[in-house]
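So the structure is just underneath, and the comments pick up after that.
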Amino acid sequence: MDTLLGAPCPDMRRMGPLDLAFVGDGIYDLLAREYLLKDGPCPVKKLHLQKTALVCCKAQARALGGLWEELSESERDIALRGRNAHVGHVPKNADIADYHGATALEALFGWLYMTGEYKRARELFLMAAKILEQDYSKHS
């Protein structure tokens, strides 16, 4: 299997959860950007603020919680590996539980990308966005 750039997929047995989270961070961010443009052009500053709200640690942790029951056993295993990874540091503005939840979600999206499960990544992202929109509408 090849990645989107045509590079062969590395041996997944050698990929650690933080390697997967590194890739998943970019994939999740790209999906958020694509999602925000679904209704057409928008001022870039507004897009950036909306994207930041979707990809922050707290939002990613909430999304993972909402998605949990929809995940397959193997997807849950990957997410748990990401959640339990030793991250080394936590940004000063992030809650440690949220940071671990975000790392878990990013590891899942990295794994989906690296295994060629692009359709599943989009499906889960759309579910996550809906969960976050519902949360936002409850609190506004």
Side-chain angles (χ1 to χ4, degrees):
M1 169 148 338
D2 291 342
T3 62
L4 288 178
L5 292 176
C9 185
D11 182 357
M12 292 302 291
R13 294 171 298 202
R14 295 182 58 209
M15 298 283 285
L18 296 180
D19 298 318
L20 295 173
F22 173 74
V23 173
D25 177 48
I27 297 303
Y28 196 83
D29 188 88
L30 180 60
L31 289 166
R33 290 168 185 256
E34 180 183 313
Y35 176 77
L36 292 171
L37 289 172
K38 72 186 180 312
D39 296 326
C42 184
V44 174
K45 185 174 182 175
K46 184 176 179 182
L47 287 171
H48 177 72
L49 291 172
Q50 290 174 332
K51 192 256 321 174
T52 302
L54 283 173
V55 302
C56 71
C57 288
K58 187 175 218 55
Q60 287 183 341
R62 288 182 80 94
L64 180 65
L67 290 172
W68 196 256
E69 294 302 317
E70 303 300 322
L71 300 180
S72 69
E73 186 176 336
S74 57
E75 290 168 343
R76 287 181 187 179
D77 288 345
I78 293 296
L80 287 173
R81 284 180 56 207
R83 179 176 285 158
N84 295 331
H86 178 68
V87 293
H89 79 284
V90 175
K92 64 181 177 183
N93 62 343
D95 175 83
I96 192 162
D98 288 343
Y99 193 72
H100 283 287
T103 303
L105 184 74
E106 291 171 350
L108 172 60
F109 275 81
W111 179 76
L112 290 169
Y113 171 77
M114 297 303 286
T115 57
E117 296 291 333
Y118 312 132
K119 183 178 177 184
R120 180 65 172 158
R122 283 187 190 94
E123 179 182 307
L124 288 176
F125 180 84
L126 290 173
M127 283 189 244
K130 187 174 184 177
I131 290 163
L132 294 173
E133 285 177 357
Q134 289 171 348
D135 281 355
Y136 180 75
S137 65
K138 286 178 191 174
H139 301 303
S140 343

Side chain to side chain donor-acceptor pair (under 3.5 Å) pairs touching residues 121-132, sequence neighbours excluded, are Arg120-Glu123

Do Arg81 and Asp77 sit within salt-bridge range, that is, some charged N less than 4.0 Å from a carboxylate O? no

**Message:** Is it true that, when you exclude Tyr35 itself, more than 12 heavy atoms of the residues, nucleotides or ligands shown sit nearer than 6.0 Å to its OH?
**Reply:** yes

To the nearest 0.5 Å, atom CG of Leu108 lies from atom OH of Tyr28 at 10.0 Å

Between Leu67 and Leu124 the two heavy atoms that sit nearest each other are CD2-O, 3.7 Å

Heavy-atom nearest pair, Val55 first then Ala32, reads CG1-CB, 3.9 Å

query = Where the side chain of Asp98 meets the backbone of Ala94, is there a donor-acceptor pair that is under 3.5 Å apart?
reply = no

Notebook entry, point to check: Under 4.0 Å between a Lys/Arg side-chain N and an Asp/Glu carboxylate O for Glu34 and Lys51?
Noted result: no

Residues Ala121 and Leu31: closest non-hydrogen pair is O-CD1, 4.0 Å

For Ala85, the side-chain contact (heavy atoms from CB on, under 4.5 Å) test, sequence neighbours excluded, returns Pro17, Leu18

Hits for side-chain contact (heavy atoms from CB on, under 4.5 Å) against Lys46, two or more places apart or cross-chain, chain-then-number order -> Cys42, Pro43, Gln50

Problem - Neighbour count >12 (heavy atoms, 6.0 Å) for atom CD1, Ile96 - result: no

(message) Between Leu112 and Ile27, is there a side-chain heavy-atom distance shorter than 4.5 Å?
(response) no

Ser74 and Trp111 have their tightest heavy-atom pair at OG-CH2, 3.8 Å

Heavy atoms of Ala104 and Ala79 approach each other most closely as CB-O, 3.1 Å

